[in-house]
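Everything on this sheet refers to the single structure shown next.
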Amino acid sequence: MKALIIGGGIGGMSAAAALKQQGIECEIFEAVKEIKPVGAALSIWSNGVKCMNHLGMGSIMDELGGPMHNMAYHDGLTGSVMTQFSLSPLVDAVGERPCPVSRADLQSQMIDWWGRDKVQFGKRIEKVEQSDTGVTAYFTDGTSAVGDFMIAADGTHSVVRADVIGYQTERRYADYVNWNGLVEIDESIAPADQWTTFVGEGKRVSIMPIADDRFYFFFDVPLPKGLAEDRSTVIADLTGYFAGWADPVQKLIAAINPETTNRIEIHDIEPFDTLVKGNIALLGDAAHSTTPDIGQGGCSALEDAVVLGQCFADQFKEKGKTVSGVLAALKQYEEERRFRVKDLVLKARKRCDVTHGKDMQETQAWYDELRQETGENIIAGLRTTIIGGPLA
Ligand code: FAD
């Protein structure tokens with residue numbers, strides 16, 4: 001029984017780990033020769049951390065997770081605290097902590113955990129063929145590979161997606177640009193154990209601690225698509241967009257290294273119901289591409305992987321390691337995941353619009369709510385998202 005895994009990102013590596021737990025051989029094919037992640041860091045929320053533990057990779061979280069124990073919102077212009085609270089009630093309620101991690105380190109350690117020499121780099125799938133008994137992947141270098149089934153975790157620009165769902169998807173611009181990167185921790189910008197966010201004018205500036213005394217930062221600004229801005233203009237751009245904002249924001253802009261700061265126009269994809277066609281399944285961003293506004297894209301890829309493994313365990317018990325067992329497992333995976341992933345994409349889209357001033361009156365109402373917030377409502381929202389996962 002062999003699976004072809006397309007993509008060596010969080011989705012592909014976690015799917016391989018989950019299938020290995022069910023005694024399935026996996027061949028992993030990654031398009032690039034060297035992985036260069038698009039973002040500096042990720043918050044892996046408690047649902048994602050539980051998945052990493054379940055897949056046997058919990059030690060990676062222990063090593064990379066930053067000490068994010070508190071949360072605060074500040075008025076971006078005055079710098080005054082709108083709300084500040086401990087995340088302990090959340091951790092107590094869900095039984096696991098959130099871990100903000102360096103994205104490059106996470107991907108690298110997941111690949112090392114699997115065995116770097118066992119991942120086939122430089123293999124970009126361009127075509128897939130499926131039959132009743134298996135799948136064939138064709139790569140741009142002229143080679144091909146055959147397996148019993150395929151997990152396509154080839155990201156938001158997935159090549160395999162159209163084969164599975166029957167049409168080409170369009171990416172939807174979310175109307176804002178995100179700059180992100182890492183800086184050394186500086187407590188005059190924000191406390192070292194807190195997720196701190198400055199908000200105002202439909203913009204935000206966020207700072208989270210990751211391991212090795214580093215802050216992950218990001219800036220969001222609602223902007224039209226396609227502006228002529230890049231790394232060479234990043235300091236001037238941010239200085240302009242955040243003119244008049246509080247001192248810690250100005251300090252952060254002065255501290256960042258433009259060479260390692262990413263500028264990303266944020267997109268998502270309208271959710272769809274089909275995640276599986278016969279012996280091919282979509283997983284991670286290939287299956288559900290979200291804006292990062294609730295920090296659940298990577299977490300839901302990890303959830304996909306855990307559920308995938310559970311479905312194989314169920315179906316192999318009933319049908320044995322057979323073709324019909326594989327088809328039933330993939331169908332069960334689709335059934336168990338499609339509502340959850342659609343919900344997360346739409347939740348993130350809604351949060352995105354409120355955060356980024358799509359309707360400034362609604363955004364102002366949110367700022368007003370933040371000033372009354374004790375932490376209870378925010379924690380309740382985070383808790384609902386987390387316990388909706390497979391390991392609640
Ligand atoms: P990817 O990480 O995109 O990996 C896909 C892999 O497939 C890549 O390595 C790629 O090279 C490879 N590939 C592509 N095409 C082919 C091909 N044709 N053949 C073979 N291989 C191919 N998520 C969170 O959980 N928390 C966060 O805080 C968070 N913050 C984010 C912030 C930003 C700015 C962004 C953009 C995203 C954020 N996300 C976050 C989302 C998260 O990054 C993604 O959901 C996650 O990386 C998806 O993993 P994946 O493996 O499905 O896709």
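Side-chain atoms are counted along with the backbone in the values below, which use heavy atoms only and exclude waters and symmetry mates. In this chain, numbering begins with 1 at the start of the sequence shown. Quantities reported herein were computed from a predicted structural model and do not represent experimental measurements. Order of listing sets the numbers, starting from 1, for every ligand and every atom in it.
The ligand atoms of ligand 1 that sit less than 4.0 angstrom from a heavy atom of G7 are 6 (C), 7 (O), 12 (C), 21 (N).
Of the possible polar contacts, none joining the K358 side chain to the C352 backbone as a donor-acceptor pair under 3.5 Å is found. Not one N or O on the side chain of K203 forms a donor-acceptor pair closer than 3.5 Å with the backbone of G76.
Between D273 and R338, the shortest heavy-atom distance links the atoms O-CD, 3.3 Å. Scanning all heavy atoms of the two residues, the minimum distance from L106 to I44 falls at CD2-CD1, 4.3 Å. Closest heavy-atom contact between P248 and F198: CB-CZ, 3.7 Å.
The side chain of R103, and not its backbone, has at least one atom closer than 4.0 Å to an atom of ligand 1 (non-hydrogen atoms only; side chain from C-beta on). At a heavy-atom distance under 4.0 Å, atoms from both the backbone and the side chain of D285 approach ligand 1. With a 4.0 Å heavy-atom cut-off, ligand 1 is reached by the backbone of C299 and by its side chain too. With a 4.0 Å cut-off on non-hydrogen atoms, L42 touches ligand 1 through its backbone as well as its side chain. Here K123 has backbone heavy atoms under 4.0 Å from ligand 1, and that is the only part of it that gets that close.
Taking each of T290, L106, I125 in turn, the one with a heavy atom nearest to atom 19 (N) of ligand 1 proves to be I125. Remark: among candidates A348, S43, S14, A31, the nearest residue to atom 28 (O) of ligand 1 is S43, based on non-hydrogen atoms. Among G8, G155, G9, the residue whose heavy atom lies nearest to atom 53 (O) of ligand 1 is G155.
Between V32 and ligand 1, no N or O atom pair is found at a separation short of 3.5 Å.
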Result block: side-chain N/O donor-acceptor pairs under 3.5 angstrom for residues 61-71, not counting sequence neighbours:
residue: E63; atom: OE2; partner: Q109; partner atom: NE2; Å: 3.2
residue: N70; atom: ND2; partner: D193; partner atom: OD2; Å: 3.4

Side-chain donor-acceptor contacts of residues 137-147 below 3.5 Å, not counting sequence neighbours, with atom names and distances?
residue: Y138; atom: OH; partner: E129; partner atom: OE1; Å: 3.1
residue: D141; atom: OD1; partner: T143; partner atom: N; Å: 3.0
residue: D141; atom: OD1; partner: T143; partner atom: OG1; Å: 2.5
residue: D141; atom: OD2; partner: K123; partner atom: NZ; Å: 2.8
residue: D141; atom: OD2; partner: T143; partner atom: OG1; Å: 3.4
residue: T143; atom: OG1; partner: K123; partner atom: NZ; Å: 2.8

